[in-house]
Amino acid sequence: MSSKIKWIVPLLLIAMLTACGGGGGAEEEEGVFRVAVIMPSAINDLAFSQSMYDALIATQEEMGGPESMELVYSESMFVVDDAAAAIRDYASQGYDLVIAHGSQYGSSLREIAPDFPETSFAHGTTVDTFVDEGIENVFAYDAASDQGGYVNGVIAGLLTESNVIGVIGPIETGDAKLYVDGFVAGVASVNPEAVVNVNYIGSFSDVALATEAANTHIAAGADVLTGSAQMVVGAIGVAEANGVYWLGTQSSQTSLAPSIVVANQVYDWTVVLDQIIELNRAGTYGGTAYRITLENEGLVIDFNPDLDLPADVQAAANDTIQGIIDGSITVDIGE
Amino acid sequence: MISELFSATVLIGIIASGIRLATPYLYAAIGETFGQRSGVLNLGVEGQMLLGAFAAFYVAFTTGNLWLGLLAAAVVGALMGLAMAFVSVTLHAEQGISGIGFYLFGLGVSDLLFQRMLGTVETVNGFQPIYIRGLSDLPVLGRILFSQNILVYGAFVLVPIAWFVLNKTTLGLKIRAVGENPQAADSLGVSVNRVRYFTVTLGGVLSGIAGASLSIALLNVFQQNLTSGLGFIAVALVYFGGWRPAGVLLGALLFSMVNSLQLWVQVLGIPVPSDIAVMMPYVLTIVALILTVQRVRSPSALSKPFQREG
Amino acid sequence: MEDRLPKAEVSALDTLRANASKIADALLPVLAVLAALAIGAIILLMLGANPVAAYGALLEGAFGSGNAVAETIVKATPLLLVGLGICIAFRGNVINIGGEGQMVVGALLATLVGLRLTSWPGWVVVPLAMLAGFVGGAIWGGIPGILKAYFRVNEILSTVMMNAIAVQAMNYLLRGPMIDPAQMELASRIPQTAALPEAFRLPRLAPTRLHLGAFIAVVLAVGVYILLWRTTLGYRIRAVGQNPDASRYGGIRVRHHVVVALLLSGAFAGLAGATQVFGVNYRMITDGSATGFTGSAGFNGIVAALFGQLHPIGAIPASFLFGALLVGANKLQRMMQVPSAFITSLNGLVVVFVVSSDIWRRQRQKRRLAAAQRAAEAAVADSGGPA
């Protein structure tokens, strides 16, 4: 009997609701480009999510501020089916472009996109726009992070004196794997003697373990470190305390340790965003896959201006960047 | 490659990083031990650690004073402990669940404060290693044992202190009595609730300091979910240790050293998939317990709110 | 003392009072939620958001349309399934905080069945996969059960460790043995399995995501009720939970039933994992943590079960309400653009307030018992002493 009564609770709430009615209707202004983005971690993670958020803010400024481009976001959407709900919700609210910034959102997007043919979706990092499945309103983007990894690897290979280099990664997949593979190839290209020790800590959030991984690398003799994803912030401090060089990726990490961060591969998604917005306004809602590279300046090697890099290393780094751009160097990550 | 695992560098490395990794576990698990010995299970340690970590970081970052940061962590931890005590002791709430509630609260609020008050990942110059003249220069031991920062030493000093308090003082006797037989303790004039308020608040203080040991001594950064599950491991270590400080120490060291061992396994390029390596400390902790089949009984009144009869 | 009412009126009044009291019991968690929302409102004000608009968004997100209600039910489904297992475990006095790992292992095993038997018909594979999920969870819950019963390893410790092991096992399998063959050809190798064939997907109430899993969960709630209160096994589990020593004297194999309680508890969590894959995601994918897949249902299911007072039928509305809160909160985040951390904080406040409010229910229950006793005594007195 008590069970019957418990049913009253949700019923009451539903009744309350119907009385309350819906929220205010979204007023759609002409000419405002409306963008929603769903990100797996925080907008200020100094890594993958921040790279997209920063690009969106830059694009917004470029377009003339919030009056010309509306931007809403859902951060820390690491739960895949919550992200799916968010994607669908933004699409049904009439956003012009819904960005699903995480490769894990792919399945959800494939399901949702066909229901909103007038909405552009963008999905990264991936190369698949689902166009061969008849879905025409999804853009795909990814980063050739192996390129910056290669450049960072060249720098590391030349800087190391102990010939031991340490790498800290989250789990052995996706963007991190691409970067690490490129890095290893870069080191090998200039310093075949050097040993690159790679440590995947099995998590995107365990700062303590990532930090201890840095200590371990240093104890093993490493004098140059690099690492990918948001949990490396503590490792950079260890590098600083031990006077060991650090090479960053995804966002600029120089601010964390200006004395030892040599260079960062910075993702600048504005290149991709500009093209997507342009196509969308011209009536094309998807179907193209973009890749940010050194060549299209979506990948930028951001050198720390406060660190005096030996001239030969700087020159080799510049040559490598140039070589990758003009195609004389190909990053072979042994597929 | 595998033979390299037994080189001096690696062994020293494993012990040294095991000691560092064990530090936050020790503070949090010793704190939890006090609570559980008095009959209160607090699963919210993780939330207390996160708020403590943020408080310590923020205060240290803005004032430049690490000791003020540490104090802030202790105060915030105490407040969280008091709240937990109120809910579990006075309101008799189901302890496991209220702990999960406090965990979520700490996880969310520390992140909110981080976003509003700092906005981005910053660093502080945390507690530096202290070199003890003479001791630090000892060949092997010196590097392992005597070149850590003050909070690391503190964690290890805490273990005998906790043992002494629990086993050799009247206070400890009261705590154990309240956890074993609250009715009897009550009839002897011990205020069961007051003892539990004390232990749970103390647990909060130590969890706060555990957080501080991460944010201003070992990692020197703050980020959302900085603790990433450490607090739950700390609670598990209390069970591992059989509610004794020395057992907790053993568990914390075992877990941490196996964790640093798996880091070395990867660094040395021993061909084990990284995920399998990461599993090692969790598996070995369980295996260790199976092999040492425990005969320790949990405090009888654990997780049971006290109510005077009649 | 008080005027003696005629007997019939006494019972009518008591029934009325009892009913009022039961309604109050049911409303208590709602009041607690409202109190938590009030504190949340203060935080919202500090964040510069309008609390009325924010909570309007929350309600709209949870109940504002057919699709919203469907989403709420989708969210509630794993909470209910995990919660059913929790009812069994807690009734048997074992604490299972391994729901996250059990969901993951159940999902892995179910997915494996789905991906291996692609040429088989759906009506065979889907039940098999659900069974596989059940078995996977049972294994992952049974191990801590055996460890507790026969090796005296505390289940809180072992379930925490087993959660971490399950996550790493998932990461290993999804980026290696179980990876989508299409991903093998890409350098980035997203750690996901291939998608399940359409024939294997749990039927949905189009166009929403409401899937058959919700129905299964509700049916199983009744099943668990029957198990716990209408079968010998259930009676024994509860007996062991209430008083292991007495049970032992009564000839119940205590250790055996500890294992069974944890095993069954894990099995329901495993089934929750399987329905998530076959009803919602249609493939497994990992972001390196359990939460990315489970949405913390392994933990939240415990909370839902306790909201439902550890009664399988009570867990139904409790899961629904908790699901509503989670779904609505996400909407709130989107509409008001407050940080997602606010939602986590609010979630924590709600849990703390609801468990704290339970004291008033228990007090009333005590009073009710006392009143019933008085009434019984009065009845005995009326009829002129014991017969």
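Residue numbers begin at 1 in each chain, while the letters A, B, ... track the order of the sequences. Below, each value reflects all heavy atoms present in this structure, side chains not excepted, and no hydrogens, waters or symmetry copies.
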key: Steps toward side chain to side chain contact (heavy atoms under 4.5 Å, CB included) verdict (B:S215, B:V221)   = CA-CA 5 Å; B:S215 67; B:V221 288; over 6 Å; no
query = Between C:M170, C:M162, C:R362, C:M46, which has the largest tally of heavy atom pairs under 4.5 Å with chain B?
reply = C:R362
key: Interface moiety of C:D358 toward chain B, non-hydrogen atoms closer than 4.5 Å   = neither
message = Heavy-atom cut-off 4.5 Å, strictly under: side chain, backbone, both or neither for B:T285 against chain C?
response = side chain
query = B:D275, B:D111, B:I286, B:L104: which one forms the most heavy-atom pairs within less than 4.5 Å of chain C?
reply = B:D275
query = Given the side-chain rings of B:F61 and B:F222, with only the six-membered ring counted for Trp, is the space between their centroids under 6.0 Å?
reply = no
ask   = Of the listed residues (C:I95, C:I343, C:V351, C:T344), which shares the most heavy-atom pairs with chain B below a 4.5 Å separation?
value = C:T344
ask   = Who wins among B:A236, B:G96, B:G99, B:G47 for the most heavy-atom pairs under 4.5 Å with chain C?
value = B:A236
query = For C:A297 and C:P78, which heavy atoms make the closest approach, and how far apart are they?
reply = CB-CB, 3.9 Å
query = What option among B:Q115, B:Q224, B:R116 has the most heavy-atom pairs under 4.5 Å with chain C?
reply = B:R116
task = Kindly say whether C:Y150 contributes a backbone atom to a donor-acceptor pair with the side chain of C:R255 at under 3.5 angstrom?
result = no
key: Region of B:I276 in contact with chain C, defined by heavy-atom distances below 4.5 Å   = side chain
request  = Tell me whether the centres of the aromatic rings in B:Y58 and B:F114 are closer together than 6.0 Å.
outcome  = no
ask   = In Å, rounded to the nearest 0.5 Å, how long is the span from OG of B:S256 to OH of B:Y25?
value = 5.5 Å
query = Which residue out of B:Y282, B:F86, B:F105 racks up the most heavy-atom pairs below 4.5 Å with chain C?
reply = B:Y282
task = Give, as side chain, backbone, both or neither, the part of C:L346 having an atom under 4.5 angstrom from any heavy atom of chain B.
result = neither
task = Working to the nearest 0.5 Å, report the span between OG1 of C:T159 and CD of C:E100.
result = 11.5 Å
ask   = Is it the case that B:Q266 and B:Q262 place a side-chain donor and acceptor less than 3.5 Å from each other?
value = yes
task = Specify which of C:N163, C:N300, C:L47 makes the most heavy-atom pairs with chain B at under 4.5 Å.
result = C:L47
note = Among C:V338, C:V167, C:V160, the residue with the most heavy-atom pairs under 4.5 Å to chain B is C:V160
query = Where on C:I165 is there a heavy atom nearer than 4.5 Å to chain B: the side chain, the backbone, both, or neither?
reply = both
ask   = For B:E46 and B:T227, what are the C-alpha separation, side-chain angles and deciding distance, and is it a side chain to side chain donor-acceptor pair (under 3.5 Å)?
value = CA-CA 7 Å; B:E46 175 100 347; B:T227 51; 2.9 Å; yes
query = Using a cut-off of under 4.5 Å for heavy-atom pairs, which of C:L306, C:N347, C:V350 has the most such pairs with chain B?
reply = C:L306
query = Are any side-chain N or O atoms of B:Q95 and backbone N or O atoms of B:N42, one a donor and one an acceptor, separated by less than 3.5 Å?
reply = no
Between C:S289, C:S357, C:A164, the one whose heavy-atom pairs under 4.5 Å with chain B are most numerous = C:A164
key: Side chain / backbone / both / neither for B:S274 at chain C, heavy atoms under 4.5 Å   = both
